[in-house]
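What follows is a set of notes on a single structure, which appears directly below.
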Number of protein chains: 2
Amino acid sequence: MPAGQTAAQAPRSQAERTAESDARMLAAAVELICEKGADGTTLKEVGERAGYSRGLAGYRFGNKAGLYRFVVRAIGEEWLAELGRAVGRRVGLAAIHAATDAHARFISRGDLKTRAFYILWFSSVGPEPALKSVIAHIHARRQQDVEQWILKGIANGEVSAEVDVTSVARHFCAAIIGIVYQWLVTPDDQSRISAMHADLKQQMGLSLPPPGKAAAREQADE
Amino acid sequence: MPAGQTAAQAPRSQAERTAESDARMLAAAVELICEKGADGTTLKEVGERAGYSRGLAGYRFGNKAGLYRFVVRAIGEEWLAELGRAVGRRVGLAAIHAATDAHARFISRGDLKTRAFYILWFSSVGPEPALKSVIAHIHARRQQDVEQWILKGIANGEVSAEVDVTSVARHFCAAIIGIVYQWLVTPDDQSRISAMHADLKQQMGLSLPPPGKAAAREQADE
DNA sequence: GTAAAACTTGCTTGTTTCAAACAAGTATTT
DNA sequence: AAATACTTGTTTGAAACAAGCAAGTTTTAC
């Protein structure tokens, strides 16, 4: 039984109980992943740190992969919603700049959730089908969003129709991943991360020229 | 006792024995990491698949982190040497283009070693100090090499002195990481990877303009 | 309408299995 | 015979699952 709450004897519904234990175990998992890594975290500790028994995490999520799937899904959805709000109704380069800024804020906020999210993100590269599919899904949605922004920018007349939409979107997503990697392995240097986001925004400006000027791609092909 | 080799009864030196068992365990580890991921690989299986007892890998490398340190160091050194040969005495943009091409060949060669190397690379993001320091070292060397190429390109008069050397080098390394990530999670699409390397080369061309023209950075700041 | 019985679900505790880690032993080279 | 490569025994601890207890929820009886 979770500590505290001795005052109210009113019986909580089962839905409330699971919601609370889920939330507490999510928080515990985030802490432990940041402290000991995804590999070093044990289901036993997650349950106990959340204020329950050693067995609850295993019972609720089935296994470690199930727990991590839950964690990534929960934080990922939260982040995608925040990203949507930050971008708003912007399109084209403006949308990409807003998204980049939101991402910069997201990872420089010093939130444990962000760090745990990306630790799990990179841990899923191996042939573990469980987590991988969840992350691939988030990744694909991200990239589709970026493609949509560019396409709407073209339709809007802000971006040249000659740009290779999927190629630029892919490049953007890859660059974000690269930045996140740098941040994870050297989290101390805060200004470095801001600089990399600024660089990326500027690079995307070159990749998405207005219709009048030739696309950067053609410029470079002598 | 490793199977085969029944013909020669000539006693092998101890150095030869360890060299062989090291090599066999390296190969076994690479296979297992690709099959089951870094997490799913066990020291027991590594020893047994290499043709030895269940205990040898643990005895030789101390623990799993030690094995992975060995694997990353071995493959990493091999790759850095290959990279050095590919770049040769080139400097500036030519060096970066050659390095990008070499990297494209490296990861599109379909070699299990490459895949295992990068699986371990990404697995080290958590707070596991052991592997992390080895990888951080390789990462730092890569980035220093890139900085040197750019600096020599500037000294050579091929590249504008106005470019922010560390910033561009960092961006290049981050982009490579991003591409590797894409390759690891969706290894099927071969042409996608080539396209991303081509994009990167072209982007670097914009980031490293010749001395006459203004740097891309200044161009974008309206 | 309400109270007790029947059922469902949240959570805990026992138990098995298996890998990690290390100690102690055997075989091979010097 | 001394040292080194390698193997085997043993302990510890987590994962996974089964079985049980307790709290919540629905059904039935009056």
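The chains referred to below are lettered A, B, ... by the order of the sequence lines, with proteins before strands, and numbering in each begins at 1. A quick note: this is a predicted structure, and the numbers were derived from the prediction, not measured.
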Contacts of B:Arg115 meeting salt bridge (Lys or Arg N to Asp or Glu O under 4.0 Å) (sequence neighbours excluded), chain-then-number -> none
Contacts of A:Glu45 and B:Ala15 projected onto DNA chain D by closest heavy atom; the upstream (5') one is B:Ala15
Query raised in the report: Counting only heavy atoms not in A:Arg109, do more than 12 sit closer than 6.0 Å to its CZ atom?
Result: yes
By ring pair (Phe, Tyr, Trp, His ring centres under 6.0 Å), B:Phe122 pairs with (sequence neighbours left out) A:Phe122, A:Tyr181, B:Tyr181
Between A:Tyr59 and B:Tyr59, whichever has its closest DNA chain D nucleotide further toward 5' is B:Tyr59
Are any protein N/O atoms closer than 3.5 Å to N/O atoms in nucleotides 8-10 of chain D? If there are, list each pair with its distance.
| residue | atom | partner | partner atom | Å |
| --- | --- | --- | --- | --- |
| D:dG9 | N7 | B:Arg54 | NH2 | 3.0 |
| D:dG9 | O6 | B:Arg54 | NH2 | 2.6 |
| D:dT10 | O4 | B:Arg54 | NH2 | 3.2 |

Acceptor/donor pairs from residues 129-138 of chain A side chains to any protein atom, 3.5 angstrom cut, sequence neighbours excluded:
| residue | atom | partner | partner atom | Å |
| --- | --- | --- | --- | --- |
| A:Ser133 | OG | A:Ala130 | O | 3.1 |

Salt bridge (charged side-chain N to carboxylate O under 4.0 Å, His left out) between A:Glu45 and A:Lys36, intermediate numbers included: CA-CA 11 Å; A:Glu45 276 177 306; A:Lys36 317 189 165 189; 2.5 Å; yes
Going through the checks in order, is the salt bridge (charged side-chain N to carboxylate O under 4.0 Å, His left out) test met by B:Arg105 and B:Glu82?
CA-CA 11 Å; B:Arg105 284 196 302 275; B:Glu82 183 179 332; 5.5 Å; no
B:Phe117 meets the ring pair (Phe, Tyr, Trp, His ring centres under 6.0 Å) criterion, sequence neighbours left out, with B:Trp121
Whole-Å distance, B:Met25 CE to D:dA5 C1', equals 10 Å
What residues 31-43 of chain B contributes to the DNA chain C interface at heavy-atom separation below 4.0 Å is B:Thr41, B:Thr42, B:Leu43
